[in-house]
Novice: 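Structure in structure tokens, see below.
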Amino acid sequence: MSENVSATELTSQYAAQVSADLERNAKEQQRISAEIAALQEQLAAHQRDHSVLVSIQQAIGAAPASAVPAAPSGSTTVPAPRATKKTAKSGTGKRARTKKPAPAPRRGTAGKPAAEKDAGKTQPVKTAQPTLVELIRSHLAERSEPRSAAEIAAALGQAHPDRSVKTTVVRTTLEGLVAKSQAQRSKQGSSVFYTAAAVPEQAASPQAEEQPASVSA
């Protein structure tokens, strides 16, 4: 009887230990899964930030330093071969032989200046259209309420049907304006809205005073 009791106790102890180990293992799996999910979210957020920063960099026009290929230090420029005396003489002789005298100017066109000749060839200069950055700035300045990139793109597309305005390009341009403190960004839930940056009056007045001076100069 004592041997049966001891065997039963050992079995119950092993069963309790195994169940505790299983519970601990399950908790560890849950913890590691939660950490992996958090790291994946962080990685996705960093990737999104990276793409936004790259698009802002392209919109601003700044190129990374690594993108410019450096010239190799050991590269040397090879000078062009010099022409020998024989080839130089033969070349000048051929040029002298084939050269023809210039025709005499006509009487009717001799007295006309070159400006009158080119006057008929000039074409009317096309008026420069406003850039997308200027259109977005004026659109934000005209509206006090926040606007999303899709709304701005739709409004500009309706106002300028001859131009192809894409939402991705508008969003990239808006992020560039935010980076230059020329626009403000606000987030409502999962949506991002943009408004025009408030220009202080003190900063605007010196520009207004300097403008007539540059015109008078």
Side-chain angles (χ1 to χ4, degrees), residues 8-75 130-161 163-200 202-203:
T8 304
E9 290 177 355
L10 288 174
T11 304
S12 62
Q13 289 178 1
Y14 282 130
Q17 185 175 358
V18 169
S19 62
D21 291 340
L22 285 173
E23 185 178 359
R24 191 182 303 108
N25 192 346
K27 289 182 180 179
E28 286 293 324
Q29 289 182 11
Q30 291 178 358
R31 182 182 63 81
I32 294 172
S33 298
E35 290 180 358
I36 291 174
L39 290 174
Q40 287 179 351
E41 290 180 359
Q42 291 179 4
L43 178 61
H46 284 299
Q47 290 176 349
R48 288 193 299 271
D49 293 342
H50 182 268
S51 61
V52 170
L53 290 173
V54 170
S55 60
I56 292 172
Q57 189 180 52
Q58 293 176 357
I60 294 173
S66 59
V68 181
S73 58
S75 61
T131 60
L132 183 61
V133 177
E134 295 175 353
L135 292 176
I136 292 174
R137 282 179 187 166
S138 61
H139 183 81
L140 292 176
E142 292 173 358
R143 287 160 178 79
S144 58
E145 71 276 3
R147 306 280 289 176
S148 64
E151 293 175 350
I152 296 173
L156 293 180
Q158 292 179 359
H160 303 276
R163 303 181 63 166
S164 60
V165 182
K166 296 183 179 180
T167 306
T168 55
V169 180
V170 172
R171 185 179 294 107
T172 302
T173 308
L174 287 168
E175 291 295 335
L177 292 175
V178 172
K180 295 178 181 179
S181 299
Q182 297 178 1
Q184 294 180 354
R185 176 176 57 187
S186 60
K187 194 171 183 182
Q188 299 179 4
S190 60
S191 302
V192 180
F193 296 91
Y194 301 90
T195 54
V199 180
Q202 295 179 357

Novice: Distance-only criterion, 3.5 Å: show the donor-acceptor pairs between side-chain atoms of residues 163-177 and protein atoms not counting sequence neighbours.
Specialist:
| residue | atom | partner | partner atom | Å |
| --- | --- | --- | --- | --- |
| R163 | NH1 | P130 | O | 2.5 |
| T172 | OG1 | T168 | O | 2.9 |
| T173 | OG1 | V169 | O | 2.8 |
| E175 | OE1 | R185 | NH1 | 2.6 |
| E175 | OE2 | R185 | NH1 | 3.0 |
| E175 | OE2 | Y194 | OH | 2.7 |

Novice: Would you check if V178 and I56 make a side-chain contact, meaning some heavy-atom pair closer than 4.5 Å?
Specialist: no
Novice: Could you walk me through whether L156 and L132 satisfy the side chain to side chain contact (heavy atoms under 4.5 Å, CB included) test, starting with their C-alpha distance in whole Å, then the side-chain angles of each, then the deciding distance to 0.1 Å, before giving a yes or no?
Specialist: CA-CA 9 Å; L156 293 180; L132 183 61; 4.1 Å; yes
Novice: Using distance only, find each side-chain donor-acceptor pair of residues 45-54 under 3.5 Å and give its atom names and separation, not counting sequence neighbours.
Specialist:
| residue | atom | partner | partner atom | Å |
| --- | --- | --- | --- | --- |
| S51 | OG | Q47 | O | 3.4 |
| S51 | OG | R48 | O | 2.7 |

Novice: Using side chain to side chain contact (heavy atoms under 4.5 Å, CB included) as the criterion, list what pairs up with I32, not counting sequence neighbours.
Specialist: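 I32: side chain to side chain contact (heavy atoms under 4.5 Å, CB included) contacts with I36.
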Novice: In a table with atom names and distances, give each donor-acceptor pair under 3.5 Å that connects a side chain of residues 18-28 to protein atoms at least two apart or in another chain.
Specialist:
| residue | atom | partner | partner atom | Å |
| --- | --- | --- | --- | --- |
| S19 | OG | A15 | O | 3.2 |
| S19 | OG | A16 | O | 2.7 |
| D21 | OD1 | R24 | NH1 | 2.7 |
| N25 | OD1 | Q29 | NE2 | 3.3 |
| E28 | OE1 | R31 | NE | 3.3 |
| E28 | OE1 | R31 | NH2 | 2.6 |

Novice: Could you list the residues that satisfy side-chain hydrogen bond (donor to acceptor under 3.5 Å, both in side chains) with Q184, not counting sequence neighbours?
Specialist: none
Novice: Checking Q30 now: which residues fulfil side chain to side chain contact (heavy atoms under 4.5 Å, CB included) with it, not counting sequence neighbours?
Specialist: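 Partners of Q30 by the side chain to side chain contact (heavy atoms under 4.5 Å, CB included) criterion come out as none, since no residue qualifies.
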Novice: Between A197 and S181, which heavy-atom pair has the shortest distance, and what is it?
Specialist: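 Closest approach of A197 to S181, heavy atoms only: CB-O, 3.6 Å.
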Novice: Can you name the nearest heavy-atom pair linking F193 to P146, along with the distance?
Specialist: CB-CB, 3.5 Å
Novice: Rounded at 0.5 Å granularity, tell me how far CZ in R143 sits from OG in S138.
Specialist: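 If I round to the nearest 0.5 Å, the distance is 8.5 Å.
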Novice: So how far is it from H139 NE2 to E151 CD, rounded to the nearest 0.5 Å?
Specialist: 8.0 Å
